[in-house]
Amino acid sequence: MHPCHFVETTDSTNLLLNEIAEDAKKTVTFLPDFLCVATNFQTAGKGQGSKIWQSEKGKNILASFYFQPLILPPQQIYFNYFFALTIRKVISLYANNVKIKKPNDIYVGDEKIAGILIEHHIQGEKLNYSIAGIGINVNQIQFDEALTNPTSLKLLTGREFNRETILEEIVQVGEEYYNKLQNSAFTELETEYELYVKYVKIEEKPD
């Protein structure tokens, strides 16, 4: 498996991996694609925008992955496609009707099971590196009432899961999609992404 560094608690795996990446740049240290940091608990886990990612300690996957994709800044969307497709396929190993809700939430039916937070580091016209953070509800069965339709692999299947195994599957599945990204198979990635997009029905307001 690619290197995955585990810490018991951190503010955010994205922030921690950013620090590792910046230190590597200063010391001219090579970091491999799919380098991972994971934790049991985040004190300041981030969701999209200003949202906070909530997770019960030791129950779920909270991890971030490092990449140096061979794409230009205007092609960032294809990185999103690669990573969302990876997580969708991994979850589909255990559940049916797994969809992507744009831009990067993963749903099983009408219930949210995972969220993705992607950060690109750009210098001039070059994309230096990208970090993809993932929160997957794995073994948690009780959620904050304020959350809308959350679910987990345990709620869906009734069994406990090994989180390390799922992290390994993210790398194994991800390498296939990442190769497509690195080889500029953008149309193929976009076509498959759109195939799995969850379209939300917009209720019409009465006149």
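Side chains are part of it too, since the values below use all heavy atoms of this structure and drop only hydrogens, waters and symmetry mates. Being a predicted model, the structure only gives us computed values, none of them experimental.
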Under 3.5 Å: donor-acceptor pair, side chain of Glu160, backbone of Asn139:
no
Could you pull out all residues at least two apart from Glu111 that satisfy side-chain contact (heavy atoms from CB on, under 4.5 Å)?
Asn149, Thr151, Leu156
Can you establish whether the number of heavy atoms outside Asp110 located under 6.0 Å from its atom CG is more than 12?
no
With a 3.5 Å distance limit and no angle check, can you tell me whether Asp33 reaches the backbone of Gln68 through a side-chain donor-acceptor pair?
yes
Mark yes or no for whether Gln76, through its side chain, and Pro73, through its backbone, hold a donor-acceptor pair below 3.5 Å.
yes
Report yes or no: does Thr39 contribute a side-chain atom to a donor-acceptor pair with the main-chain N or O of Leu62 at less than 3.5 Å?
no
Counting only heavy atoms from other residues, nucleotides and ligands, does the tally under 6.0 Å from CG of Asn96 exceed 12?
no
Quick check against the 3.5 Å criterion: does Ser64 have a side-chain atom that pairs as donor or acceptor with the backbone of Asn14?
yes
Apply the test ring pair (Phe, Tyr, Trp, His ring centres under 6.0 Å) to residues Phe82 and Tyr177: give CA-CA distance (whole Å), side-chain angles for both, the deciding distance (0.1 Å), then the verdict.
CA-CA 6 Å; Phe82 133 69; Tyr177 286 112; 7.5 Å; no
So NE2 of His121 and OG of Ser130: to nearest 0.5 Å the spacing works out to 8.0 Å
Counting only heavy atoms not in Gln123 (residues, nucleotides, ligands), do more than 12 fall under 6.0 Å from its CD?
no
Would a distance-only check, ignoring hydrogens and angles, find a side-chain to backbone donor-acceptor pair under 3.5 Å from Thr10 to Thr13?
no
Same hydrophobic cluster for Ile77 and Phe65, using side-chain heavy-atom links shorter than 4.5 Å among ILVMFWY?
yes
Going by atom types alone, do Tyr129 and Glu22 pair a side-chain donor with an acceptor below 3.5 Å?
yes
The complete set of ring-ring contact (aromatic ring centres under 6.0 Å, His included) pairs with one or both residues in residues 89-109, sequence neighbours excluded, reads Tyr94-Phe161
N/O donor-acceptor pair under 3.5 Å between Glu119 side chain and Ile131 backbone:
no
Is it possible for you to say whether Leu93 and Ile87 belong to one hydrophobic cluster, with membership spreading through side-chain heavy-atom contacts below 4.5 Å?
yes
Classify the ring geometry of Phe67 against Phe79: parallel below 30°, tilted from 30° to 60°, perpendicular beyond 60°.
perpendicular
